Amino acid sequence: MNLFADMRAVVLTALDQMVAEGVLPSGLDYANVTVEPPRDAAHGDMATNAAMVLAKPAGSKPRDIADALAARLTADPRVAAAEVAGPGFLNLRLNVSVWADVTRAALSEGADYGRSTLGAKERVNVEFVSANPTGPMHVGHTRGAVFGDALAALLDFAGYDVTREYYINDGGAQVNVLARSAFERYREANGLDPDIREGLYPGDYLIPVGEALKAKYGDSLIGKPESVWLDEVKDFAVAEMLKMIRGDLAALNVHMDVFYSEKSLYGTGQIEAAIKRLSDLGLIYRGVLEPPKGKLPEDWEEREQLLFRSTAYGDDVDRPIQKSDGSWTYFAPDIAYHWTKIERGFHKLIDVFGADHGGYVKRMKAAVAALSQNSVDLDIKLIQLVRLFKNGEPFKMSKRAGTFVTLRDVVEQAGADVTRFHLLTRKNDAALDFDFDKVLEQSKDNPVFYVQYAHARVASVLRKARDLGFDVSDAALIGADLSGNTHEAELTLARKIAEWPRLVEIAARANEPHRIAFFLYEIASDLHALWNRGNDETQLRFVQEGDAAASQAKIALARACAVVISTGLGILGVTPAEEMR
RNA sequence: GCACUCGUAGCUCAGCUGGAUAGAGCGCUGCCCUCCGAAGGCAGAGGUCGCGCGUUCGAAUCGCGCCGAGUGCACCA
C-alpha cells in the first residue's frame with residue numbers, strides 16, 4: 001500500500017471525470033500534478049497542486065478548478081474534507097480510518113511494506129569501490145563502499161534488477177609497481193635485504209605475500225631479471241590483494257556480484273571493438289589538442305594523437321585514447337569497460353567515484369552517451385572525503401607514523417552497523433566527520449543509537465506485553481480494532497508510516513540513500529515522542545495493563561513503526577537491535 | 001584561465017527533481033522525574049537560504065552574472 005500514490009490516483013481519476021464532463025479540456029498533462037504531505041500539519045493530511053498546475057493549460061482560474069475538484073474528491077470515502085487554500089492548493093483531510101488501514105498494511109506487508117515497482121525490473125549496474133588492487137582499503141574507500149551498497153539495496157527495493165560491480169584496475173602501471181614491491185618482500189622472505197626504493201609500496205601487508213611467494217617458488221626467482229617473473233608475481237600479488245579487499249568488504253557486509261578485470265579487456269579485441277564502435281559513429285579522429293589555458297605545463301609539446309570527439313556529447317575538450325607510442329591511455333579500457341556494461345544489457349549505469357575524480361565525469365558520460373546513442377543513462381555519484389576525529393581532535397593520517405587508518409581499523413573499533421549508518425547520515429557530495437567517540441556514544445545525540453533505540457523499545461514493549469499474556473503476534477495485531485488510535489501523537493506516527501513508500505521512491509529516483517537515514521531518524525523521533533507522552537498521559541502507553549484489546553491497538557502502531565525502521569535499516573545494511581545493552 | 005562540487009540558524013547539516021509562515025540536532029533560555037527504559041522530557045528564542053538580475057501564479061530549489069571554499073585540469077591510473 002502506498003497511500004500517497006493511491007490518493008494521487010484518486011485525484012487523477014477525478015480530473016478525468018471533469019474532462020469527461022467538459023469542465024476541463026482534454027489532452028491535459030498530469031505529469032506535474034503532485035499529492036504530497038503539507039509542510040504545516042494544520043493544512044491537513046495531504047495537499048495537491050493540481051488546480052495551479054492545470055490552470056494555465058486549461059484556461060481557467062485555479063480556484064474554479066480547485067472548487068470543482070474538491071466536490072468530486074469528497075465523494076471518496078477516504079476523504080473527510082477538501083478545502084481550497086492559498087494560491088490554489090487543495091488541502092485534503094482524510095478519514096481517521098485511513099491511518100488504521102496504513103498501520104494494518106505495514107503489518108501485513110511486513111518487510112515488503114514500501115517496496116516499489118518503480119524500477120520495473122530494469123537492469124541497473126552499480127559500480128563502486130573499484131579501489132586499486134595494490135593494498136588494503138582505506139577510510140576513503142569505506143564511504144564509497146557503504147554508499148554504493150546501500151544505493152544498490154535501495155534500488156533493489158524500488159524494483160530494479162541490480163548488479164553490484166567492482167572494476168579491478170589490474171591493467172596499468174600501478175600493478176607493476178605492486179609486483180616489484182612484492183618481489184622485494186619475496187627476497188626478504190629468502191633472507192635477503194629488501195630494497196623498498198622510492199616509488200614502491202612500503203606497507204607491511206606485502207610481507208605475507210612475499211612469504212607466500214617463497215612457499216610457491218622457493219628461491220627459484222632470486223636473481224632472475226624482471227622480464228622472467230613480473231607477470232607471474234603480478235598475477236599472484238593482485239590475487240592476494242583482491243583476497244584482502246574482499247575480506248575488508250565482507251567486514252563491512254558488502255558483497256559484490258561481479259569483479260570485472262581491466263586486464264581481461266586487453267588482448268581480447270574488446271578495447272578495439274569499443275573504439276571501432278565510436279569510430280563507426282564518426283567520433284574518432286587523429287588530431288592535436290590545444291594546450292590548456294592558463295598555466296602551461298613545463299613539458300608541453302604539440303603531438304598528434306588518436307582522439308575521441310567527446311565534445312559532441314557535452315565534454316569540454318576531446319580526449320586522447322592512445323598515447324603517442326601507440327599504446328592505449330587509461331581512458332580507452334574505461335570506454336571498453338562501459339561498453340561491456342551496455343552490451344551486457346544494463347539500461348541504467350551508476351558509477352561511484354571519489355570526489356577527486358570529478359574531472360572525469362563529463363568524458364565518461366560522453367562516452368556512454370555516444371556508445372549507447374543516448375539510450376543508456378549514466379549517473380555518477382561523487383563521494384566527498386571523510387575526516388577522522390578522536391575526542392574532537394582531527395586524527396592525522398600518516399603512513400610513516402604508522403597512523404594510517406584502514407577500513408579494517410575503523411570497523412574493528414566502531415563495528416559495521418555503526419560505521420555504515422554514520423557514513424550514510426550525510427549527502428554523498430558533502431564532506432563528513434567521523435569521530436570515533438561520538439559515533440560510539442550511547443545517547444540520543446547519536447543518530448545511530450537513537451534509531452536503534454526506537455526499534456529496541458518496540459521490541460521491549462512486545463516482550464512486556466507477552467509477559468502479561470497478551471497475544472501480540474502480527475496476526476493478532478492486524479486483527480485488532482485500531483479505531484481508538486486517534487491522539488495527535490499517534491496520528492503523527494501513522495502519517496509517517498504512510499510516507500515511507502513515498503520516501504523510498506523519492507530516494508531511489510535521486511539515487512540518494514542518505515534520505516533513508518534521515519527518514520529513519522524522523523520516524524524514530526515520532527515514536528520516542530509518543531512514548532514520552534505516555535509518561536504523562538497513561539492512556540497513550542503501548543501496554544495498557546488489564547486491557548488486551550487496547551494494548552493490541554497501541555502496539556499495532558508501534559510494531560508497524562518498527563517494521564518500517566527494520567526495513568529501512570535493512571536497506572542501509574544495518575541490523576536492527578532487539579535490545580540495547 | 002576553465003570545469004565540477006559546495007555556500008541554508010552561533011556550530012554540524014536536512015529540505016520532496018518549483019509550492020503555503022524554510023526544518024532537525026548541538027549550543028543557549030525556561031519549566032518537568034513517586035510515570036511501560038530519565039543512557040531523559042516539554043516549551044522557547046534564533047535565518048536578507050553567499051550577492052544581484054531573470055523565468056513563473058509561486059524560487060533555497062530552475063537560468064545567467066558576480067563573490068567565497070574545496071577538487072580536478074594534456075601520452076599518470
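Here is the naming used below: chain letters follow the sequence lines, and residue numbers restart at 1 for every chain. What you see is a predicted model, and the numbers here were worked out from it, not measured in a lab.
When the nucleotides A14(B), C76(B), U71(B) are ranked by their closest atom to the side chain of F518(A), A14(B) comes out on top. In this structure, the nucleotide among A77(B), C36(B), A74(B) sitting nearest to the side chain of P320(A) is A74(B). Distances from the side chain of E262(A) to the nucleotides G19(B), A38(B), A77(B) place A77(B) closest. Nearest nucleotide to the side chain of K362(A), out of C36(B), A3(B), A77(B): A3(B). Listed nucleotides G19(B), G41(B), G15(B) differ in distance to N532(A); the shortest reach to its side chain belongs to G41(B). With A77(B), C16(B), U12(B) as the candidates, the nucleotide lying closest to the side chain of R426(A) is U12(B).
Neither OP1 nor OP2 of A38(B) sits under 4.0 Å from any side-chain N or O of K444(A). Put simply, R515(A) has a side-chain N or O that comes within less than 4.0 Å of OP1 or OP2 on G15(B).
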query = Given T492(A) and D526(A), is the side chain to side chain donor-acceptor pair (under 3.5 Å) satisfied, shown in steps?
reply = CA-CA 7 Å; T492(A) 298; D526(A) 291 334; 6.0 Å; no

task = In sequence, state the C-alpha distance, the side-chain angles, and the governing distance for Y521(A) and F519(A), and then conclude on ring-ring contact (aromatic ring centres under 6.0 Å, His included).
result = CA-CA 5 Å; Y521(A) 184 85; F519(A) 179 86; over 10 Å; no

task = Go through the steps for Q174(A) and T134(A) under the test side chain to side chain donor-acceptor pair (under 3.5 Å), then give the verdict.
result = CA-CA 7 Å; Q174(A) 77 282 357; T134(A) 56; over 6 Å; no

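Within 4.0 Å of Y453(A), counting heavy atoms only, lies at least one base atom of the nucleic acid. N49(A) comes within 4.0 angstrom of a base, heavy atoms only. Across all strands, H514(A) comes closer than 4.0 Å only to sugar-phosphate atoms, never to a base (heavy-atom distances). Across all strands shown, N91(A) has heavy atoms under 4.0 Å from base atoms, whether or not it also approaches the sugar-phosphate.
With F4(A) as the aromatic partner, R502(A) meets the cation-pi criteria of under 6.0 angstrom to the ring centre and within 45 degrees of the ring axis. Both tests pass for R457(A) against the ring of Y453(A): distance under 6.0 Å to the centre and angle within 45° of the axis. Within the cation-pi definition used here (under 6.0 Å to the ring centroid, within 45° of the axis), R387(A) does not qualify as a partner of F434(A).
For E499(A), the side chain to side chain donor-acceptor pair (under 3.5 Å) criterion is met by no residue, not counting sequence neighbours. With sequence neighbours excluded, the residues forming a side chain to side chain donor-acceptor pair (under 3.5 Å) with K234(A) are N176(A), listed by chain and number.
Rounded to whole Å, atom P of U17(B) lies 11 Å from atom CG of L118(A). If you take OH of Y201(A) and C1' of A77(B), they are 9 Å apart, rounded to a whole angstrom. F434(A) places its CZ atom 17 Å from the C1' atom of C13(B), with the value rounded to the nearest Å. Separating the OH atom of Y521(A) from the P atom of U12(B) is a distance of 18 Å, rounded to the nearest angstrom. One interatomic measurement links the two molecules: CG of D316(A) to C1' of G1(B), which rounds to 13 Å at whole-angstrom precision. Nucleotide U71(B) holds its C1' atom 15 Å from the CG atom of N428(A), rounded to whole Å.
A salt bridge is absent between E578(A) and R463(A); no separation between the charged side-chain nitrogens and carboxylate oxygens falls under 4.0 Å. Look at R495(A) and D45(A) and you find a salt bridge, because one of the NZ, NE, NH1 or NH2 atoms lies within 4.0 Å of a carboxylate O, short of that distance. Note on K438(A) versus E441(A): no salt bridge recorded, every NZ/NE/NH1/NH2 to OD/OE distance being 4.0 Å or above. With respect to K348(A) and E122(A), no salt bridge is recorded, no charged nitrogen being found less than 4.0 Å from a carboxylate O.
Residue R502(A) places a side-chain atom within donor-acceptor reach of the base of C16(B), judged by atom type and a 3.5 Å distance cut-off alone.
For the segment residues 552-559 of chain A, no residue has any heavy atom less than 4.0 angstrom from an atom of RNA chain B.
Surrounding CD of E302(A) are at most 12 heavy atoms belonging to other residues, nucleotides or ligands under 6.0 Å away. Residue E290(A) places its CD atom among 12 or fewer non-hydrogen atoms of other residues, nucleotides or ligands, all under 6.0 Å distant.
Aromatic ring pairs are classed by plane angle as parallel below 30°, tilted from 30° to 60° and perpendicular above 60°; the pair Y337(A) and Y167(A) is parallel.
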query = Dot-bracket for RNA chain B, 5' to 3', counting Watson-Crick or G-U wobble pairs under 3.5 Å, with [ ] for crossing pairs and | for inter-strand pairs?
reply = (((((((..((((.....[...)))).(((((.......))))).....(((((..]....))))))))))))....

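Nucleotides G68(B) and G30(B) are separated by 39 Å at their C1' atoms, to the nearest Å.
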Mind listing the N/O atom pairs, protein and nucleotides 56-65 of chain B, below 3.5 Å?
residue: C57(B); atom: OP1; partner: K56(A); partner atom: NZ; Å: 2.8

Protein-nucleotides 5-7 of chain B N/O pairs closer than 3.5 Å?
residue: U5(B); atom: O3'; partner: D429(A); partner atom: OD2; Å: 3.4
residue: C6(B); atom: OP1; partner: D429(A); partner atom: OD2; Å: 3.1

